[in-house]
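Proteins get letters first, then strands, A, B, ... in listed order; numbering begins at 1 in each.
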Amino acid sequence: MSLQNDLTQKVIEAVKQLYEVDLPTVEFQPTRKDFEGDITVVVFPMLRQIKGNPVQIGTKIGEYLVEHVEDVSKCNVVQGFLNIVIADSYYLDFFNSILDDTDFGYVKSQSDDAVMVEYSSPNTNKPLHLGHIRNNLLGYSVAEILKASGKKVYKTQIINDRGIHICKSMLAWQKFGKGETPESSGLKGDHLVGKYYVAFDKAYKEQIAELVEAGTPKERAEKEAPILLEAQGMLRKWEAGDDEVVSLWKKMNGWVYYGFDTTYKNLGVDFDTLYYESDTYLLGRDVVKDGLERGVFFKKEDGSVWIDLTEDGLDEKIVLRSDGTAVYMTQDIGTAIQRVTDYPDINGMVYTVGNEQDYHFKVLFLILKKLGYSWAEQLYHLSYGMVDLPSGKMKSREGTVVDADDLIKNMEDTAESISQELGKLDGYSEEEKKKLYRTIGLGALKYYILKVDPKKRILFNPEESVDFQGNTGPFIQYTYARIQSILRKADNVRSSAVETSLDLHEKEKELLKQIQLFPETIQLAAENFSPALIANYTYDLVKEFNSFYQQVSILGETDEQKKNFRVQLSQKVGEVIQAAFRLLGIDVPERM
RNA sequence: GGUCGCGUAGCUCAGCUGGAUAGAGCAUCUGCCUUCUAAGCAGACGGUCGAAGGUUCGAAUCCUUCCGCGAUCACCA
């Protein structure tokens, strides 16, 4: 970073000296692998100010730099590109400066402003599936990246624990459950409740079919099926605070929460604070009433309240029903305000929600801005594409989902069978092995999902398993384990600063360059809310290391200085891999 | 129909705030384990960057139009 700033100054200085022209900026890019050099100045843009041949101009600037800048050892010009070779000592100085920084890349100080990251936010009537996994991994990772970039972060979720969908599960359990509990059946709580959600749907469809058979039009049958009416009645009772319904609701939700906690724990995600829809669904109405008085909203004849967003290129949107009850939007307005009240240092929120809600969040953010909240400028919808199956969309009701718990188990099993085939785990206890299979299996899954741009939809084919070779989590974990193996064998090498007169191997230099990019990569990932940038960075680093490992002997090096440096360099690469993967929520193994 | 997103190698994806001959992995084919872990390394094969125009010294990248896929446009959440 500082090198580029330095060079910018020097190039401007050179041009001033040589051509008496003040350049506003200088354009840099990393030098392509096929040319000699570390960093390249693009000469073309200068032609606007300097008349002449780009090759000549480049050559002259290059000569000036070699003469006047210590860290520039050589230059060459190809077409309009001035390739600059940076001295080895510069890279070794850099290496020495980060030697003791075990958290290299992370910003240590923390801003006073906090950002709240919401993710997961499931319904409590069915278990988590692959779509939730993408959501969870993204939200968790973005939160960790923001932290590493120096932000204070609160992780949260809103649990959709009320509404007609919950009543469906409850009703079906009452009707068909015969008192089944997680304890009595051995079923995980969320799966048990999900089972009755499916049972409801089955019964509902049967009733519709019967009604249609008896001559009722389909549309009416869908609205009048007795079991649906019953569920709606149950919702009314719930809202009225009926003891029996509320206690059933609490009981079944308890089962689900317990099940979710297990899945979250397995996935390795966590939350700092929780919000429940049952607590927040009434929020926001006062805000709307207040906004109505201030003219932000307007009332229609039937009493419903709307906001007119046509000037902003959007439509009119309802914010309060004619009977005065809240809609989804009302609730989200209220919840956002509630959060800032609960945590006054919040200045920004990230909502991890699928791209089907793009419009909703556009409207929500606009409304909050119009209501005049300063933090409304700092809201971000972390929108991601759906995870589809070859058969189409996942649908819980129809059982066409990739269940989160099953998938995790599946990945662990695959990791186990590959590990056993390779058979490198002599001396590991069963318990250690199990832990390792989990690390690798989850590493494969998490990396697979996080390495792709969140905006893109993912087509997941359960028939084809997630890869363990190439650009994958296990590949990177493997490299980490390799490094640890070297470090175990090199315990006589002491940690000490490296002599900067050392000649660097080409691969060593490439590694140092890549390590140097880590801090700015974290910042970039934070600005773009993109774990994929971290994943791609890590992959490049690891590829570079493996190439180095292959070409250069580390422990076999006879020159003690060099050996010492290579061991420490390997160690640093290991630290960066670990730090980067921590941002993705992926563990690294000592052996594999 | 309006709006938003996506379209890069057979498949999965990088690159997109404009720069050199568009990069990886998987798959297919060649080499490399008597030296630090072969879940690896080195190489071959594979591309009209959805299409056509435009801006520019220079376009996968920016603009326009069109095509394909997806989402969304409820007094559901």
Side-chain angles (χ1 to χ4, degrees), chain A residues 27 29 31-35 40 42-45 47-48 54 78-81 83 121 123 160 162-165 277 281 300 302-306 313-315 317-332 354-360 362-363 383-386 388 393 415 418-419 421-422 424 440 443-444 448 451-453 455-459 461 464 466-479 481-490 532-533 535-536 539-540 542-543 545-557 563 566-567 570 591-592:
Chain A
E27 203 176 310
Q29 58 181 323
T31 304
R32 282 184 66 106
K33 287 257 158 59
D34 350 342
F35 301 102
T40 294
V42 187
V43 181
F44 294 110
L47 297 179
R48 292 199 183 98
V78 180
Q79 294 172 31
F81 299 93
N83 302 321
S121 305
N123 289 338
N160 301 307
R162 59 147 235 124
I164 189 76
H165 52 282
E277 195 195 338
Y281 81 107
K300 288 200 177 173
D302 61 5
S304 57
V305 180
W306 297 70
L314 303 173
D315 298 325
K317 190 81 188 175
I318 189 163
V319 290
L320 216 53
R321 290 195 190 99
S322 51
D323 63 5
T325 56
V327 294
Y328 182 32
M329 190 61 74
T330 327
Q331 191 186 128
D332 270 2
N355 63 8
E356 54 197 356
Q357 309 260 7
D358 283 356
Y359 185 72
H360 173 77
K362 222 182 215 177
V363 173
S383 164
Y384 60 91
M386 296 289 103
D388 293 329
K393 255 192 131 159
I418 293 176
S419 291
E421 220 169 281
L422 294 171
K424 296 181 190 174
I440 298 171
Y448 172 82
K451 78 170 179 191
V452 316
D453 181 346
K455 283 200 296 288
K456 294 196 174 175
R457 64 193 202 110
I458 291 182
L459 190 72
N461 188 348
E464 299 166 18
V466 174
D467 274 331
F468 282 65
Q469 278 169 12
N471 187 359
T472 66
F475 166 71
I476 291 164
Q477 291 173 321
Y478 174 74
T479 304
R482 241 181 180 180
I483 291 171
Q484 301 319 303
S485 169
I486 291 171
L487 296 180
R488 279 192 296 272
K489 291 179 180 169
L533 294 177
N536 289 326
Y539 178 62
D540 288 340
V542 162
K543 270 190 65 136
F545 182 83
N546 279 327
S547 178
F548 161 74
Y549 177 90
Q550 183 69 23
Q551 275 192 36
V552 180
S553 181
I554 299 166
L555 297 175
E557 174 58 50
K563 178 176 167 186
R566 284 176 190 166
V567 170
S570 303
R591 284 175 57 180
M592 72 183 272

Q) At their closest point, which heavy atom of A/Ser570 faces which heavy atom of A/Phe548, and how far apart are they? A) OG-CE2, 4.2 Å
Q) For A/Gln357 and A/Tyr328, does a side-chain donor sit closer than 3.5 Å to a side-chain acceptor? A) yes
Q) Pick one for B/rC33: is it syn, with its angle within 90° of 0, or anti? A) syn
**Q.** Length of the NZ-P vector between A/Lys451 and B/rC13, whole Å
**A.** 8 Å
Q: Check side-chain hydrogen bond (donor to acceptor under 3.5 Å, both in side chains) between A/Asp34 and all other residues, then give those that pass, not counting sequence neighbours.
A: none
Q) In which ranges does RNA chain B form stems of 3 or more consecutive Watson-Crick or G-U pairs, distances under 3.5 Å? A) B:1-7 with B:67-73, B:10-13 with B:23-26, B:28-32 with B:40-44, B:50-54 with B:62-66
Q: Quick one: label A/Thr325 by what it contacts on the DNA or RNA (base, sugar-phosphate, nothing), any heavy atom closer than 4.0 Å.
A: nothing
Q | Side-chain H-bond candidate by donor/acceptor type, A/His165 with A/Asn160, under 3.5 Å | A | no
Q. Rounded to whole angstroms, how far apart are CZ on A/Arg591 and P on B/rA39?
A. 14 Å
**Q.** Value in whole Å for how far the P atom of B/rU72 lies from OH of A/Tyr384
**A.** 13 Å
Q | Donor-acceptor pair present, A/Asp315 side chain and B/rA74 base, under 3.5 Å | A | no
Q. Reading nucleotides 21-36 of chain B 5' to 3', which nucleotides get B (base under 4.0 Å from a protein heavy atom), which S (sugar-phosphate only), which -?
A. B-SSSS---------B
Q) Within less than 4.0 Å of OP1 or OP2 of B/rA42, is there a side-chain N or O belonging to A/Ser547? A) yes
**Q.** Gap in Å between the two P atoms, one belonging to B/rC63 and one to B/rC6, rounded
**A.** 11 Å
Q. When we call it a touch if two heavy atoms are under 4.0 Å apart, what does A/Met592 touch: a base, just sugar-phosphate, or nothing?
A. base
Q.
Suppose we screen for salt bridge (charged side-chain N to carboxylate O under 4.0 Å, His left out). Which residues come up paired with A/Glu557, at least two apart in sequence or across chains?
A. A/Arg566
(Q) Rounding to an integer number of Å, can you tell me how far A/Arg457 CZ sits from B/rU72 P? (A) 12 Å
Q | Sugar-phosphate, base or nothing in reach of A/Asn160, heavy atoms under 4.0 Å | A | nothing
Q.
With side-chain contact (heavy atoms from CB on, under 4.5 Å) as the criterion, how do A/Arg457 and A/Asp388 come out once you've worked through the C-alpha distance, each side chain's angles and the decisive distance to 0.1 Å?
A. CA-CA 7 Å; A/Arg457 64 193 202 110; A/Asp388 293 329; 2.4 Å; yes
Q) Mapping A/Leu422 and A/Asn123 onto RNA chain B by nearest heavy atom, which one lands closer to the 5' end? A) A/Leu422
**Q.** Whole-Å distance separating the NE2 atom of A/His360 from the P atom of B/rC73
**A.** 11 Å
Q) Just checking A/Asn461: base, sugar-phosphate only, or nothing, at a heavy-atom cut-off of under 4.0 Å? A) nothing
**Q.** Nucleotide B/rA74, atom C1' - distance to CG of A/Leu320 in whole Å
**A.** 16 Å
Q: In sequence, state the C-alpha distance, the side-chain angles, and the governing distance for A/Phe35 and A/Phe81, and then conclude on ring pair (Phe, Tyr, Trp, His ring centres under 6.0 Å).
A: CA-CA 10 Å; A/Phe35 301 102; A/Phe81 299 93; 8.0 Å; no
Q.
I need the CZ-P distance between A/Phe545 and B/rA38, as an integer number of Å.
A. 12 Å
Q | Any residue meeting side chain to side chain contact (heavy atoms under 4.5 Å, CB included) with A/Thr472, in chain and number order, not counting sequence neighbours | A | A/Asp467, A/Pro474, A/Phe475
Every protein N/O within reach of nucleotides 54-60 of chain B N/O, cut-off under 3.5 Å:
unit_1	atom_1	unit_2	atom_2	d
B/rC57	N4	A/Arg48	NH2	3.2

(Q) What contact category does A/Ile440 fall into here, base, sugar-phosphate, or nothing, at under 4.0 angstrom with non-hydrogen atoms? (A) base
Q) Does a donor on one side chain sit under 3.5 Å from an acceptor on the other, for A/Asn546 and A/Arg482? A) yes
Q | All side-chain hydrogen bond (donor to acceptor under 3.5 Å, both in side chains) counterparts of A/Glu356, not counting sequence neighbours | A | none
Q: Provide, to the nearest angstrom, the distance between the OH atom belonging to A/Tyr448 and the P atom belonging to B/rC11.
A: 15 Å
Q: Please identify each residue that fulfils salt bridge (charged side-chain N to carboxylate O under 4.0 Å, His left out) with A/Arg162, with sequence neighbours left out.
A: A/Glu239, A/Glu277
Q | Under the side chain to side chain contact (heavy atoms under 4.5 Å, CB included) test, residues paired with A/Arg591 that sit two or more places apart | A | A/Tyr428, A/Arg488
Between the protein and nucleotides 43-46 of chain B, list every N/O to N/O distance that falls short of 3.5 Å.
none

Contacts under 3.5 Å, N or O only, protein and nucleotides 3-6 of chain B:
none

Q | B/rA20 base / A/Thr40 side chain donor-acceptor hit below 3.5 Å | A | yes
Q: Could you work out which one of B/rG15, B/rA39, B/rA20 sits closest to the side chain of A/Leu533?
A: B/rG15
Q | Which residues share a salt bridge (charged side-chain N to carboxylate O under 4.0 Å, His left out) with A/Lys300, sequence neighbours left out | A | A/Glu316
Q: Give one of base, sugar-phosphate or nothing for A/Gln357, where a contact means two heavy atoms less than 4.0 Å apart.
A: base
Q. Under 4.0 angstrom, heavy atoms only, what part of the nucleic acid is A/Ser570 near: base, sugar-phosphate, or nothing?
A. nothing
